[in-house]
Asker: 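Here it is: the structure, laid out below.
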Amino acid sequence: MTLLPVFLLLCCSMWGSHHVEVTADTLSFEDASFCSNGLEVSYPELRVDSCLIVPKDDRKLRQKLTTEWGPPTITYPEALGDKYYILMMVDPDAPSRSSPTQRYWRHWLVTYVKGKSLRNGLIVGDTITHYVAPTPPPGSGLHRYQFLLYKQTRDMPVPDNELATLPRGRWDLKAFVTSLNLGEPVAMVQFLTKHYKD
């Protein structure tokens, strides 16, 4: 009888081998409390469904994240099939968390994302800013890569032409959200990683 809990623990550990696991003490309270409402981000060997740090001892994983993998699969099981959403991926720590002079670096921005596609792990919408992988500079420490999902109405005038010409760095995320009257995100998730050679 006493071996059953140990056996179950081992099974659960092996089953989640492709899912990066972290303990609560690896994240600050601020970083751990960022994630909400079940947004899931999946790369080939990394699934982010809660706030986590990509392990510092896994250089290969961090290198693949930066140099090999394209856009992740995004899933939001609570998405309403007939509604639209805006998906953003930003780095608030560019070029470093201690001196974020390029905050918010816009890694990805897609508007009019169909709710039905989000439930199925697809991004079907209007890409305003094409995906660029996480690229924390060497020696800059951990960067937060944040995915934010907002509800969008069909008649919301997104300034896509203007956004397409703006630099990715120093993007005024708050002004963008305010100008479109988006309110609070319906779901958010983030992971932290640093340069793969660090």
Asker: How long is the straight-line distance from CZ of Arg106 back to CD1 of Ile128, given to the nearest 0.5 Å?
Answerer: 9.5 Å
Asker: Evaluate the salt bridge (charged side-chain N to carboxylate O under 4.0 Å, His left out) criterion for residues Glu68 and Lys60: first the C-alpha distance (whole Å), next the side-chain angles of each, then the deciding distance (0.1 Å), finally the verdict.
Answerer: CA-CA 10 Å; Glu68 294 180 24; Lys60 279 229 182 282; over 6 Å; no
Asker: Using a strict threshold of under 4.0 Å (side-chain N to carboxylate O), is an ion pair present between Asp31 and Arg97?
Answerer: yes
Asker: Do Val110 and Leu80 land in one hydrophobic cluster if side-chain heavy atoms of ILVMFWY residues count as linked below 4.5 Å?
Answerer: yes
Asker: Under the criterion side-chain contact (heavy atoms from CB on, under 4.5 Å), I'd like the reasoning laid out for Arg103 against Arg170: C-alpha separation, chi angles, the key distance, then a yes or no.
Answerer: CA-CA 5 Å; Arg103 168 185 291 165; Arg170 293 188 183 176; over 6 Å; no
Asker: Going from CD on Gln102 to CG on Asp91, what distance comes out if it is rounded to the nearest 0.5 angstrom?
Answerer: 10.0 Å
Asker: Is Arg168 close enough and on-axis enough to Trp105, meaning under 6.0 Å and within 45°, for cation-pi?
Answerer: no
Asker: Drop me the distance from Gln152's CD to Leu180's CG, to the nearest 0.5 angstrom.
Answerer: 7.5 Å
Asker: Looking only at heavy atoms, what is the nearest atom pair of Met188 and Leu148, with distance?
Answerer: SD-CD2, 3.9 Å
Asker: Heavy-atom distance under 4.5 Å between the side chains of Met88 and Trp108, does that happen here?
Answerer: no
Asker: Going by side-chain contact (heavy atoms from CB on, under 4.5 Å), Tyr104 matches just one of Asp93, Val90, Asp172. Which one?
Answerer: Val90
Asker: Is there side-chain contact between Met89 and Gln146, with heavy atoms separated by less than 4.5 Å?
Answerer: no
Asker: Compare every heavy atom of Gly38 with every heavy atom of Pro77, then report the nearest pair and how far apart it is.
Answerer: CD-O, 3.5 Å
Asker: Do Pro138 and Lys197 come close enough that some side-chain heavy atom pair is under 4.5 Å?
Answerer: no
Asker: Please report the C-alpha distance between His107 and Tyr131 in whole Å, then the side-chain angles of each, then the deciding distance to 0.1 Å, and finally whether the ring-ring contact (aromatic ring centres under 6.0 Å, His included) criterion is met.
Answerer: CA-CA 6 Å; His107 279 262; Tyr131 177 81; 7.4 Å; no
Asker: How many angstroms lie between atom CD of Glu45 and atom CG of Asp58, to the nearest 0.5 angstrom?
Answerer: 8.5 Å
Asker: Are any of the side-chain heavy atoms of Lys174 and Val177 separated by less than 4.5 Å?
Answerer: no
Asker: Any chance the side chains of Ser42 and Arg47 put a donor and an acceptor closer than 3.5 Å?
Answerer: no
Asker: I need the minimum non-hydrogen distance between Val54 and Leu52, along with the two atoms involved.
Answerer: N-CD1, 4.0 Å
Asker: Is the closest side-chain heavy-atom distance between Lys114 and Arg119 below 4.5 Å?
Answerer: no
Asker: Can you list the steps and then say if Thr153 with Tyr84 is a side-chain contact (heavy atoms from CB on, under 4.5 Å)?
Answerer: CA-CA 6 Å; Thr153 60; Tyr84 292 92; over 6 Å; no
Asker: Hey, what do you get for OG1 (Thr111) to CG (Leu87), rounding to the nearest 0.5 Å?
Answerer: 10.5 Å
Asker: Does Val189 reach the side chain of Ser50, with side-chain heavy atoms less than 4.5 Å apart?
Answerer: no
Asker: Compare all side-chain heavy atoms of Phe191 with those of Cys51 and state whether any distance is below 4.5 angstrom.
Answerer: no
Asker: Mind listing the closest non-hydrogen atom pair of Thr66 and Pro134 along with its distance?
Answerer: OG1-O, 2.9 Å
Asker: When you look at Ile74 and Phe147, which way does the side-chain contact (heavy atoms from CB on, under 4.5 Å) test go after all the steps?
Answerer: CA-CA 9 Å; Ile74 307 291; Phe147 294 80; 4.1 Å; yes
Asker: Is Tyr85 close to Leu149 at the side-chain level, that is, under 4.5 Å between some pair of heavy atoms?
Answerer: yes
Asker: Under 6.0 Å from the NZ atom of Lys83, do we count more than 12 heavy atoms belonging to anything else shown?
Answerer: no
Asker: Quick one: do Val113 and Leu118 satisfy side-chain contact (heavy atoms from CB on, under 4.5 Å)? Show the steps, please.
Answerer: CA-CA 7 Å; Val113 179; Leu118 269 173; 3.7 Å; yes
Asker: How far does OG1 of Thr193 sit from CD1 of Ile53, to the nearest 0.5 angstrom?
Answerer: 9.5 Å
Asker: When clusters are formed by joining ILVMFWY residues with side-chain heavy atoms under 4.5 Å apart, either directly or through shared neighbours, do Tyr196 and Leu142 land in the same one?
Answerer: no
Asker: Taking only residues at least two apart or on different chains, which pairs with a member in residues 29-76 satisfy ring pair (Phe, Tyr, Trp, His ring centres under 6.0 Å)?
Answerer: Tyr43-Trp69
Asker: Shortest non-hydrogen contact from Ser140 to Pro95?
Answerer: CB-O, 3.3 Å
Asker: Determine, for Lys151 against Glu184, whether the closest basic-nitrogen to carboxylate-oxygen distance falls under 4.0 angstrom.
Answerer: no
